[in-house]
Structure formats: C-alpha cells, structure tokens
There are 2 protein chains.
Amino acid sequence: MVKLPSETSGYHHGNLRQAMVDAATELARTGGPSAIVLRGVARSVGVTATAAYRHFAARSDLVDAVAERGYERMAKSMLAELARVRATGDPRRDAIERLQAEGRGYVRFALDEPGLFATAFEHDRFGTEIPAQYDWGPSPWGLLCEALADLRDVDLLADHDVEGGALYAWAAVHGLAVLLLSSLSNLSPEHGTALIDAQLEYIVRGLCSDLPGSAVPGVDGSDRP
Amino acid sequence: MVKLPSETSGYHHGNLRQAMVDAATELARTGGPSAIVLRGVARSVGVTATAAYRHFAARSDLVDAVAERGYERMAKSMLAELARVRATGDPRRDAIERLQAEGRGYVRFALDEPGLFATAFEHDRFGTEIPAQYDWGPSPWGLLCEALADLRDVDLLADHDVEGGALYAWAAVHGLAVLLLSSLSNLSPEHGTALIDAQLEYIVRGLCSDLPGSAVPGVDGSDRP
DNA sequence: GGTATATGTTAACACTGTGAACATTGCCTC
DNA sequence: GAGGCAATGTTCACAGTGTTAACATATACC
C-alpha cells in the first residue's frame, strides 16, 4: 500500500525533507538566509535537530534547497510579468517590451521577496563552488537568453552580442535589485518603481543603439536636443 | 605626557578599537563578513572577548567599521584607475574614459578584495536601517557623480539625467561585480576582464546615445550594419 | 516472519554573542 | 603628591548554534 505523506505515524515523519525545506523557506522569506537555523526548523516541524542530518549533509545544503526554490519563484515572477505584455503589431517594440517585462519581474521578485532573493544569491562561501546549474524548468537565465534571441531575430541586436548582451542586462538588473534592497532601501516605493523603469530604459538603449564610432567613440554629431 | 599607542602597559591595551578593526579587516579579507568572529578577533589582539564591548555595542558595529574601511579602499581603487587615464585632447572622450575608469576601479576592487567588498555590502538585516552616509573623504558615490557631471558638462548627458544616470551606472557596475563573485565566479580572469570592458561599453551607450523616439521607441531606421 | 535499512532520538562537544559583577589602570582635581 | 572617579579589561555565566557518536524504532524486502 502506498503511504500518503500526510499519515505521520509518530516516529517517522513521512517526508521530512520537504517539510523542512518548506519551513526553512518561510523563515528565509521574513528573515533572510541567516534566519534559517537548523534547530529551529527541525523544532517547527516537530522533530529533533539531528534528524535533519538524515536528509541534509549540513545546514548549507538546506539553505541551498531554499535558494533553488527562490530561483524557481523568481522565474515565475518573470513569467508573470511576461504574460502581461500585449502584442502591439510592431515585432521590434514587442521584443523590447518582453525583455523589459522580464527585467521588471526580476526586480519585482527581489522587492517582493527580499529574503528569498538574498538567500538565492547569498553564496557566502568564497572560492567554494556554487551548485552548478539548476535544471528545473525555465530558469531566469534561460528566459533572459530567449528575450535577447528575440531581439536579435528582429535585427535589434547583432548575432555575436546575444550572450554578452544577456550578461549586461542581467548584471544591470541584478545590480539595481541588490541596491534597492541595501543602499537604496529607504527610497519610497514610487521612487523605486520609477528607478526600475528608468533602468530598463537605459538597458535597452545600451543594447539596441549603436554608436557610429565602433570602439570607444568620441560620439558623433548627434548631441542632445 | 602623550602616550604612544605602542606602549601597551599590560592591562590597558592602548587603542584596542583600532587594533580590533585591523584584525577584523584582515579576517574579512580572506573569509568575508562571516569570518569576523568577535572572540577570535579579541583573542588575536591579546584581549578577552568581552573587552570588545567597551568599544563596540555589538558585533555588528565591528562589522560596520570594517565595511566602512572597505568603502574607503574601494574609493582608492577607483582613484587609482582614474589616475591611469591620460588626456587625449578630446574632452568628450576624456569624460567617457574617466567614467569607465571609475567603473573599472569599482569592479577591480570587488575582484581583488572580495571579502571586503562583500562585507561592505552585506547588510543582511532586512528592514533595518543602514548606517546612513559615510562622510570620510571621497566616496565611491561622490566620485561617480562627479564623472556624470563631467559628462553633462561636455553635453553628453542631459541635466536631468545626471542623478538617474549615476544610479544606472552604479547598478550596472555593481551588478557585474556581484555576479562575477557569485554566479560567474568560475570564469577565467581573461573572460572576466573582457566582461568588464564590455559592460563599461554598454553602460556608456546606454547613457550617451539617445534614441529618437523618446519613450519606449520602436527604434528608428538605424538598423544594424 | 525475520532481518537489513532508513529514519529519529538522546547525550555531548566545541563553538558563538552577550550580560553582570568585579578588577585594574590612568587621569583630574585638591 | 594623594585620593577618587571614569575608562578599560577580566572572570563567570547563560542561552544559543552546528555537528558527531551511539542508540532506538519503524519500514521495506526476502
């Protein structure tokens, strides 16, 4: 007979790993990665602290599991914003708006779930390897690359710029998210969203506008208005 | 008679605060903020752990002191790169190169001193206030604003874009620094510096090139080559 | 049904930050 | 110079933390 996860028989929990990741996620949401304390998580799911070591080799593995969940939700946030853009008929404009929507979803997730965002990117360990690539469904990076490919398909981006452009956009968006949570955390929400919009505008300009002088141009005659 | 800081009389240390910040900085350099452990720092300067509380209200204050030192060194790194740019006679090109030099110094510092960089920006506390502005000499933010003002003075930037542009550039550079230390940490050094150069190029394009359609343009006729 | 294995538990260790009470030193005033 | 006060360090102590070793129990498989 297949045992349902719900029927906890007292001693054996059923599926403790899942329960611990759930509890740890909830803690991380409100308190960030440092709020994931093993003993507390174990206690909150009604189990002894050392039981955790049957499912995680160390606390950091539990944190990693929460981080992965954070990536998942971030991708969802990007997809949600993506679903809000409505086609205008102009494929170029559509491609731009899709890219910006993904960026908006990225930063929105950071602002809505600062704890999970911080957990996802807080690999405090210097020199230590990060857990390679995550392989569940659509990753934030994968989504971004698709958007850049779309931009290329409508001739707004050179072929050889797709990967570099993706890294540029990622860094620009990620940096804003991080700063909004730390150094700029006392900004008003309105100012915050204005900053996001401005950033997405700058990013598109950096990607899609080519200055005539190829390398470091003294900039051509097209001054400002 | 003025007592020299060097003459420790056994019981009284002389200037313990300074010594502890020094030791903590060294620990943070190699191990990041989490390597700053109060008892260890105290022991390493030959004093009991609780003695620290005569100079710091809590461990976090010691970390903050190290963070401030990190900001200081980052500014120095930016100034160092700034000193390397040589005037070309074209004031516009010079202004651009100065901005890029500052950005390079910013990211270089992050790569050269990942522990201090992480400590400077690791205000893990969510919702908690960050320690306002730092008031020692030239701050990274101040330097950046000067560079943007220079850009405006040579008509490469609109007046109302100075602050927004500075935030954009800061975020774009900061994001790259963070990613190079975390998700992109296994890149080769050459690839890393190439990425930095590319990012600085993109940033200037975003700042200094104006697309004809003001808002979200479908982009004008200037396709790709 | 009996046994191996997965999964929890208890006891214990070496750490951590931090507070209270006590001790020593140096400076300031008479 | 002598005495007292404030600054600075020390000793205990406590409540936490992650983690290991040895033991207990329930589940799955032959």
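Chain letters run A, B, ... following the sequence lines, proteins first, then strands; residues in each count from 1. What you see is a predicted model; the values in this text were computed from it and never measured.
Here A:His55 does not reach the OP1 or OP2 of C:dA6: none of its side-chain N or O atoms lies under 4.0 Å away.
Classification of the B:Phe117-B:His174 ring pair by plane angle, with boundaries at 30° and 60°, yields tilted. Ring-plane geometry between A:Trp170 and A:Trp141 is classed as tilted, the angle between the planes lying from 30 to 60 degrees on a 0 to 90 degree scale.
A distance below 6.0 Å separates the ring centres of B:Phe121 and B:Tyr71.
In this entry the distance linking CZ of A:Arg17 with C1' of C:dA6 reads 15 Å, nearest Å. Rounded to a whole Å, the CD atom of B:Gln18 is 14 Å from the P atom of D:dT8.
Between A:Asp22 and A:Arg69 there is a salt bridge, since a side-chain N of the basic residue sits under 4.0 Å from a carboxylate O of the acidic one. Salt bridge present: A:Asp197 and A:Arg104 bring a charged side-chain N and a carboxylate O closer than 4.0 Å.
Note that SG of A:Cys208 and CD1 of A:Ile96 are 4.5 Å apart. Values are rounded to the nearest 0.5 Å. Residue B:Leu176 holds its CG atom at 7.5 Å from CG of B:Leu184, rounded to the nearest 0.5 Å.
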Exercise. How does protein contact run along nucleotides 12-22 of chain D, one letter per nucleotide 5' to 3', with B for base contact, S for sugar-phosphate only, - for none, heavy atoms under 4.0 Å?
Worked result: B----BBBB-B
Residues 76-86 of chain A, side-chain donor-acceptor partners within the protein, below 3.5 Å, at least two apart:
from	atom 1	to	atom 2	distance (Å)
A:Ser77	OG	A:Gly105	O	2.8

For this session: Starting at the 5' end of DNA chain C, write a dot or bracket for each base, bracketing those in Watson-Crick or G-U wobble pairs whose two distances are under 3.5 Å and using | for partners on another strand.
Result: ||||||||||||||||||||||||||||||
